[in-house]
Participant: 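Structure provided below as structure tokens; questions to follow.
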Amino acid sequence: PVAKKVKPAAKKPAARTKVAKPQPKAKAKPAPKAAPKAATKPAPKAAPKAAQKPVKPAVAAKAVAPPKKARARAVNQKNLAVFTRQFSVMIDAGLPLVQCLDILGSQEEDKNFSAVILATRSDVEGGASLADAMRQHPKTFDPLFTNMIAAGEAVGIVDTILKRLATYIEKAVKLKAQVKSAMIYPVAIIMIAAVVVTVILWKVIPTFATLFAGLGAELPFLTRMVIA
């Protein structure tokens with residue numbers, strides 16, 4: 001077979017690119033002149049400040065006044081017995097001395113006794129011994145109490161001494177209560193007898209005096225003394 005001759009494809013002419021013509025430059029217009037500035041008026045002067053009053057320095061806080069000392073007044077023995085018993089239990093439990101006094105003083109209902117306990121705590125906190133601090137209040141803690149405390153501090157058995165003092169005070173309070181209850185009956189009998197005798201001398205004897213005077217008899221000396 002005869003091979004067919006392939007005709008080469010005709011080449012197309014390349015597209016011509018048009019060269020852009022340079023455009024003439026626009027002439028820059030001259031900038032308009034700025035308007036003349038308006039004449040600025042001078043700012044008005046600030047009004048003179050009012051004369052400030054001199055500020056007084058702040059008054060220093062007043063020092064806290066120390067707690068007032070409790071009035072010298074005897075304390076109820078029942079309250080003292082309860083205080084001593086509770087104090088001994090706290091010391092035996094291992095609480096610090098100052099903390100024990102602080103707790104007992106804040107819980108005491110008697111204001112006078114509470115002030116005494118807190119004053120004792122302040123003295124102990126300041127370095128005094130417990131016995132010396134209690135000696136400052138002789139109407140609350142008698143010499144027996146303070147001397148026993150001093151002995152306990154010297155030996156190191158304050159809790160044991162407080163227990164013994166509590167027992168002693170409780171027995172003394174119980175004995176006083178028994179004596180008072182035993183004295184109620186005799187005192188009542190004496191008072192009733194005094195009232196009866198007074199009524200007899202005031203109402204009954206004058207009646208007998210009138211009766212004896214009417215009889216005209218001579219009365220014994222004692223009878224005349226009673227009537228007189």
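Side-chain atoms are counted along with the backbone in the values below, which use heavy atoms only and exclude waters and symmetry mates. Treat the numbers as computed from the prediction; the structure is a model and nothing was measured.
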Participant: Do Leu162 and Ile91 touch side chain to side chain, with heavy atoms closer than 4.5 Å?
Facilitator: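 When only atoms from C-beta onward are counted, Ile91 and Leu162 do touch, with a gap below 4.5 Å.
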
Participant: Name each donor-acceptor pair under 3.5 Å that joins a side chain in residues 171-181 to protein atoms two or more places apart or in another chain, with its distance.
Facilitator:
unit_1, atom_1, unit_2, atom_2, d
Ser181, OG, Ala177, O, 3.2
Ser181, OG, Gln178, O, 2.7

Participant: Donor-acceptor pairs are to be reported for all side-chain atoms of residues 141-161 against protein atoms at under 3.5 Å, with residues two or more places apart or in another chain.
Facilitator:
unit_1, atom_1, unit_2, atom_2, d
Asp142, OD1, Phe145, N, 2.9
Thr146, OG1, Asp142, O, 3.4
Thr146, OG1, Pro143, O, 3.1
Asn147, OD1, Arg135, NH2, 3.4
Asn147, ND2, Pro143, O, 3.0
Glu153, OE1, Ala131, N, 3.4
Glu153, OE2, Leu130, N, 2.9

Participant: Using 0.5 Å steps for rounding, measure from the CG atom of Leu97 to the CD atom of Glu125.
Facilitator: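 Between Leu97 CG and Glu125 CD, I get 10.5 Å after rounding to 0.5 Å.
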
Participant: Residues in side-chain contact (heavy atoms from CB on, under 4.5 Å) with Gln99, at least two apart?
Facilitator: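 Gln99 satisfies side-chain contact (heavy atoms from CB on, under 4.5 Å) with Leu95, Pro96, Ile103 only.
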
Participant: Could you list the donor-acceptor pairs under 3.5 angstrom formed by side chains in residues 77-87, with sequence neighbours left out?
Facilitator:
unit_1, atom_1, unit_2, atom_2, d
Thr84, OG1, Leu80, O, 2.7
Arg85, NE, Glu170, OE2, 3.4
Arg85, NH2, Thr167, OG1, 3.3
Arg85, NH2, Glu170, OE1, 3.1

Participant: Do Leu201 and Ile192 share a hydrophobic cluster, counting only Ile, Leu, Val, Met, Phe, Trp and Tyr and linking them when any side-chain heavy atoms are less than 4.5 Å apart?
Facilitator: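 Leu201 and Ile192: one cluster.
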
Participant: Return the minimal non-hydrogen interatomic distance between Asp102 and Arg121, and the atom names on each side.
Facilitator: CB-CD, 3.7 Å

Participant: Test question: given the 4.5 Å side-chain rule for I, L, V, M, F, W and Y, name all other residues clustered with Ile189, or answer none.
Facilitator: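 For the cluster that includes Ile189, the remaining residues are Tyr185.
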
Participant: List the atom of Asp123, the atom of Ala133, and the distance in Å for their closest heavy-atom pair.
Facilitator: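 Minimum heavy-atom separation between Asp123 and Ala133: CB-CB, 3.7 Å.
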
Participant: If you measure from CG on Leu118 to NZ on Lys111, what distance do you get to the nearest 0.5 Å?
Facilitator: 13.0 Å

Participant: Working to the nearest 0.5 angstrom, can you tell me the gap between His137 NE2 and Ile117 CD1?
Facilitator: 10.0 Å

Participant: If hydrophobic clusters are built by linking Ile, Leu, Val, Met, Phe, Trp and Tyr wherever their side-chain heavy atoms come under 4.5 Å apart, do Ile190 and Val196 end up in the same one?
Facilitator: no

